[in-house]
Every structure is written in C-alpha cells, then in structure tokens.
Protein chains: 2
Amino acid sequence: MARKTGSHSQTTGPRVRAAAARLIARHGYAAVSMRQIAAEVGVQAGALYLYTPDKQTLLYDLMRDHLEELLAAWQAVPAETSPEGRLRAFVRFHIGFHLDRAEAVFIAYMELRNLEPARFAEIEKLRHAYEDALEAILSAGQSDGSFSIPDTRLATMALIAMLTGVTNWYREGGRLARAEIETIYTDMALNAVGATRG
Amino acid sequence: MARKTGSHSQTTGPRVRAAAARLIARHGYAAVSMRQIAAEVGVQAGALYLYTPDKQTLLYDLMRDHLEELLAAWQAVPAETSPEGRLRAFVRFHIGFHLDRAEAVFIAYMELRNLEPARFAEIEKLRHAYEDALEAILSAGQSDGSFSIPDTRLATMALIAMLTGVTNWYREGGRLARAEIETIYTDMALNAVGATRG
DNA sequence: GCTTTATCTGAACACCCGTTCAGTTCAACC
DNA sequence: GGTTGAACTGAACGGGTGTTCAGATAAAGC
C-alpha cells in the first residue's frame, strides 16, 4: 500500500492543520505527537512532512494564520467615528471572533513558549499590533474627553484580558446567549474606561 | 556513590517541588521530564519517587497547594463591611497575591488538561470557591444598590480575567509600580460594576 | 563504634519521540 | 495506454520517556 485512492494534497494539507489544531488545543503542543496527528488525518506520520518541514513550523503556522486573520477581520469591520462607537464595535468583534475560534485562540495564547525566539517575536508583533488597535481607540477617547483613563496601555491590557476570558467559560447553549454576553461586556468595558455615555 | 553528604528529605522534598514549579511554568508540564527536574535538584531521576508517587501527582500537588494557599490567604484578609470596601480589598489582594506567585498561577491556569478527571474536578472546585468569594461581594453590592450589575456571574468572570491578566505582562522594575497598578485596576473594577462612588 | 535506616545511585524496563527515506501506488497527462 | 511524478507507506534512526529496584552510602541512635 502507498498512495490512497482519491488522495489530494489540496485536501490533506488543510486536514493536517485542522487535526493539529484540534489535538494541540486539547492536549497541548508538547503532549501531541506527529503520529497522533497523522492518525487523526488517516495517514502515516511520514506523510505529514509533505505539508510541514517540522512540528514546530506546524504550530507556528497555526498561530500566525490565526493572528493575521484576526487583524484582517478587524480591519474589515466598518469604522465608527466616535471612540464610544469604536469601542462598542471592538468589544462585539473581539468576543464574536474569539468565540468562533476557541481552539486557535487557546493555542495562540498558550503555546508561545514552544516557539523559537525569532518566531516568538514574530507572533508577539502581530498580537501587539492588535493590542495597538484597541489602545488607539482608548487614546482617542482619552483625548476628546469621552473616556477617563489614567493609563491607556494598562486599560488596553485589562480590557483584552477581560474580553478574551470569555473563551474560558463560554459554552454553546449555556445560560446566556452570545448577544447578551456581548451587550453586558460592552457596558462593562465602557464603564471601566469611564465612558460618559451619550 | 549513593547518598549525598548532607542530604535530607526535609530539604529535598521542597526543592523537588520548587524545581518542578520553575521548569513546568517555563516549559510546560508535558515538555519537562523527570530527569530534568532531578538534574535541577542535583539528584538522579529515581530519587524523585521518594517524594512523589508519580509525575502527575507532583503537578496536582503544586496546583492544589497553590489554590488552597490562595483561599486561606484571602480568608485571612481583614473583612471590610461595605461592598465597595470589600471589592477594593479583593482587587488589591488578588493582584498582589498573583504577582508574588507568577509561576504557580501560570501552572494552575495552564496545566489543568494534564490532570485526570477526578483531580481536574478537585482543582476546579477550589477555583470555583475563590470565584464565589468575589461573586458574593458583587451580589452584596447589587443588593444594597452600591453596584449596578446585570449579571453577577458574568461580572465575576470578567473581573477575575481582567485582574489575573496582570501576571501576563507585569515585569518587576517596569514602567508602573505595583501600587499604581493596583490603584488603577481598583478604579477600573469599581467602574466596571457601576459603583456609585462614595 | 556499631548497627540501623533513610536517602540516593545507576542500570534497566518497555515504550514513544521527531524525522528521514527508499520504495510503492495511483492519478493525470501525452 | 504508457510514462511521469505527486502522494503516501513502512521501516528504520538515534535518542528520550516515566517508572522500578537492587545495591551502595552516609547520617542517626544506641
């Protein structure tokens, strides 16, 4: 036996990444073997190396793709003019995007230490760019007086941690619907930055 | 060679746990081997089994000890009467305690998936008890009108995520002193729950 | 000073790891 | 329909894994 009937590089590649994402999110990068990923795809371990040069690159690609998609998706959100409107949009976007991609979020936050320094820096740069998008909103609100913020960087980190935390407890079909959660978190975020509501 | 000069169970046991905590926090449970831990202690791998029945129990003990210490430490904080005072005390306590134990915090949050179900449930119970302590404060404030909270459980999760997030970016000797961070986070937390300041 | 015993070594156990590669198979093209 | 080349297998490589245990050593108690 060698080549499977109906096999295609175009379908196997994505399936490898999907299986890796699922397994790594569940068990952690170090705890998942290439053989486990291969078994999930229905292939021998050696075949994975047609789609990634090594295990760590597979992880790196998952993280980079996730963060680039995050940045692109936020840039695609229609721009609001007022800081309050922009913050409202950010909160809804952030929660929605992250709940849709719980696995990728988990990996991008937890597996940083398994990257070599250069790649770690690359991923951190992308994350930093996203944080800067929120900080720009907070700074704008601080400047025009619609927010009251002692330190925009601190508020940025506080809000992102608060919002991302939703992925740790949210379960589909739980007590609260996503829209309700987004609304409540939007209010808490606006309150936290001392928004003078209008 | 066998027994080392000046060896003691009383000193080796804690050193094993300390080495395990340091290494697991840095590299992750699955990525750290018993031989690495032993080398850090200055002992052969086999000797570790005088202090733990197996690797997973070592992890479990670290997590349980951390959370029990957390609960005990909070119970030792002098009780405030008003919800606002209690929330202020909680924020300062939480940030201070967590910044003092960055390694243990990291482990207790990231390595849950490496516990067998029964132990996972045990750790989650302890964490839940701590969350309940905050929720009780928020409920009290909601009842007496000093806070404005649509959903106390949501607010609890939001605040804990926000506060614990500090451990991800705080560095000793950084731009802001701990007291400043605690003050700013206290204000953000009070704002987030709609505290009518007095 | 001798015995006891807690502490630790070093080797072994069976198994799993990431990665490579010669060889096999099947789809696609001429 | 024969040839080419992409897709994949299966075995092997050197090395690491958690854990066990007989034996060695040094501290503690008499």
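Predicted model, so just to flag it, every value in this text is computed and none were measured. First the proteins, then the strands, lettered A, B, ... as listed; each starts at 1.
Salt-bridge annotation for A:Asp132 and A:Lys125: absent, with no side-chain N of the basic residue lying under 4.0 Å from a carboxylate O of the acidic one. Between B:Glu103 and B:Arg22 there is no salt bridge, since no side-chain nitrogen of the basic residue lies less than 4.0 Å from a carboxylate oxygen of the acidic one. For the pair A:Arg101 and A:Glu69, the salt-bridge criterion is met [side-chain N within less than 4.0 Å of a carboxylate O]. A salt bridge does not link B:Asp61 to B:Arg119: none of the charged side-chain nitrogens sits closer than 4.0 Å to a carboxylate oxygen.
Two residues, B:Val32 and A:Ala47, neighbour DNA chain D, and the one matched to the more 5' nucleotide by heavy-atom proximity is A:Ala47.
Side chain to side chain, B:Thr183 and B:Arg92 meet the donor-acceptor criterion of an N or O pair below 3.5 Å. Residues A:Glu135 and A:Thr152 bring a donor and an acceptor atom of their side chains to less than 3.5 Å of each other.
For the pair B:Gln44 CD and D:dG18 P, the computed distance is 14 Å after rounding to whole Å. Atom pair A:Asp54:CG and C:dC17:P shows a separation of 17 Å (rounding to whole Å applied). Taking atom CG of residue B:Leu23 and atom P of nucleotide D:dG18, one finds them 12 Å apart after rounding to whole Å. Per the geometry, CG belonging to A:Leu48 stands 13 Å off C1' belonging to D:dA7, to the nearest Å. In this structure, A:Lys55 places its NZ atom 12 Å from C1' of C:dT19, rounding to the nearest Å. Atom-to-atom, CD1 of A:Ile37 to P of C:dG18 comes out at 8 Å; the value is rounded to the nearest Å. As a whole-Å value, the separation of A:Met34 CE from D:dC8 C1' is 15 Å. Atom CG of B:Leu59 and atom P of D:dG18 are 13 Å apart (whole Å).
A sub-4.0 Å separation between OP1 or OP2 of D:dA7 and a side-chain N or O of A:Thr12 is absent. Within the 4.0 Å cut-off from OP1 or OP2 of D:dC8, not a single side-chain nitrogen or oxygen of A:Tyr49 is found. The phosphate of D:dC8 (OP1 or OP2) has a side-chain N or O of A:Tyr51 nearer than 4.0 angstrom.
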Under 3.5 Å between N/O atoms: give me all the protein pairs with nucleotides 12-16 of chain C, atom names plus distance.
unit_1: C:dA12; atom_1: N6; unit_2: B:Arg35; atom_2: NH2; d: 3.3

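Qualifying ring pair (Phe, Tyr, Trp, His ring centres under 6.0 Å) partners for A:Tyr130, counting only residues two or more places apart in sequence or in other chains: A:Phe90, A:His94.
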